[in-house]
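Okay, so here's the structure we're looking at.
No experiment lies behind these values; they were computed from the predicted model shown. We count ligands from 1, going down the list as the structure has it; atoms in each ligand are counted the same way. For the numbers below, each heavy atom of this structure counts, side chains included, while hydrogens, waters and symmetry mates do not.
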Amino acid sequence: MEQTLVILKPSAIERNLIGEVIGRIEKRGLIICGIKMIQLDEAILREHYAHLADKPFFPLIVASMVASPVIVMCLKGIDAVKVFREMTGATNGRKAAPGTLRGDLCVSGQMNIVHASDSVENAKIELARFFKPEEIFDYTPAYFNFLYAEDEL
Ligand code: ADP
């Protein structure tokens, strides 16, 4: 089943939004199969945000992402990457649709509370960046047969 990486950024941790974001993930039906708190540093952020490392605002991204520990999670589900990316909403919280995490819980382009992998290929790379294989638990929760119909699996 597809897996995706989520980071609860310092803008979520510091604003006490951990429970709200995780609650929405649980209610939607994405399965949390890896979760831990870690401290990011510039080296890992240069890798993770390689596509932005040359931008003038990159030092601000680093500062905002090392400001407190973060929580990294592995979610699984059918089409988990797309489902969670759509739950996350547009990059800038002021432009994100109401109902999305960013559209409901933040008003900033940078302090935008969550990271969500943007493709299946990147999700694999990002999960390997933040998790050891043994930190991801491919278990089946008891309610699984009420998440999906038989012919979807
Ligand atoms: P997303 O997080 O929606 O996938 P990007 O990969 O484009 O978006 O950007 C990664 C993160 O870098 C954003 O979530 C945001 O925190 C920060 N960022 C992106 N663009 C800007 C910008 N113009 N100014 C400041 N921070 C930015």
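Only side-chain heavy atoms of Lys9 come within less than 4.0 Å of ligand 1; its backbone N, CA, C and O stay farther off. With a 4.0 Å cut-off on non-hydrogen atoms, Arg85 touches ligand 1 through its side chain and not its backbone. Contact annotation: for His51 versus ligand 1, heavy atoms closer than 4.0 Å belong to the side chain alone.
Using a 4.5 Å cut-off on side-chain heavy atoms (C-beta onward), Gln3 and Leu127 make contact. Under the 4.5 Å side-chain criterion, counting only non-hydrogen atoms from C-beta, Ile71 is in contact with Ile35. The closest side-chain heavy-atom distance from Phe58 to Asp54 is not below 4.5 Å.
Regarding atom 9 (O) of ligand 1, its nearest protein heavy-atom neighbour is Leu52 CD1, 3.3 Å. Protein heavy atom closest to atom 12 (O) of ligand 1, with residue, atom name and distance, is Ile61 CD1, 3.3 Å. Protein heavy atom nearest atom 2 (O) of ligand 1, with residue, atom name and distance: Arg102 NH2, 3.1 Å. Nearest protein heavy-atom contact of atom 3 (O) of ligand 1 is Thr91 OG1, 2.5 Å. Ranking the protein heavy atoms by distance from atom 21 (C) of ligand 1 puts Phe57 CE1, 3.3 Å first. Given atom 26 (N) of ligand 1, the protein heavy atom at minimum distance is Gln110 NE2, 3.0 Å.
Ligand 1 is never approached by Asp118 to a heavy-atom distance shorter than 4.0 Å.
Ion pair Glu2/Lys76 not flagged as a salt bridge, since none of the NZ, NE, NH1 or NH2 atoms sits closer than 4.0 Å to an Asp/Glu carboxylate oxygen.
Sparse packing is recorded around CD of Glu121, with 12 or fewer heavy atoms of other residues, nucleotides or ligands lying under 6.0 Å away.
Close contacts between ligand 1 and Gly109 involve ligand atoms 15 (C), 16 (O) [criterion: under 4.0 Å to a heavy atom]. The ligand atoms of ligand 1 that sit less than 4.0 angstrom from a heavy atom of Asn112 are 13 (C), 14 (O), 15 (C), 16 (O).
Just one of Leu147, Ile78, Thr4, Ile25 meets the side chain to side chain contact (heavy atoms under 4.5 Å, CB included) condition when paired with Leu30; it is Ile25.
Listed here is the closest heavy atom pair of Leu8 and Val70: O-CB, 3.3 Å.
Within the structure, salt bridge (charged side-chain N to carboxylate O under 4.0 Å, His left out) contacts touching residues 98-115 (residues at least two apart or in different chains) are Arg24-Asp104.
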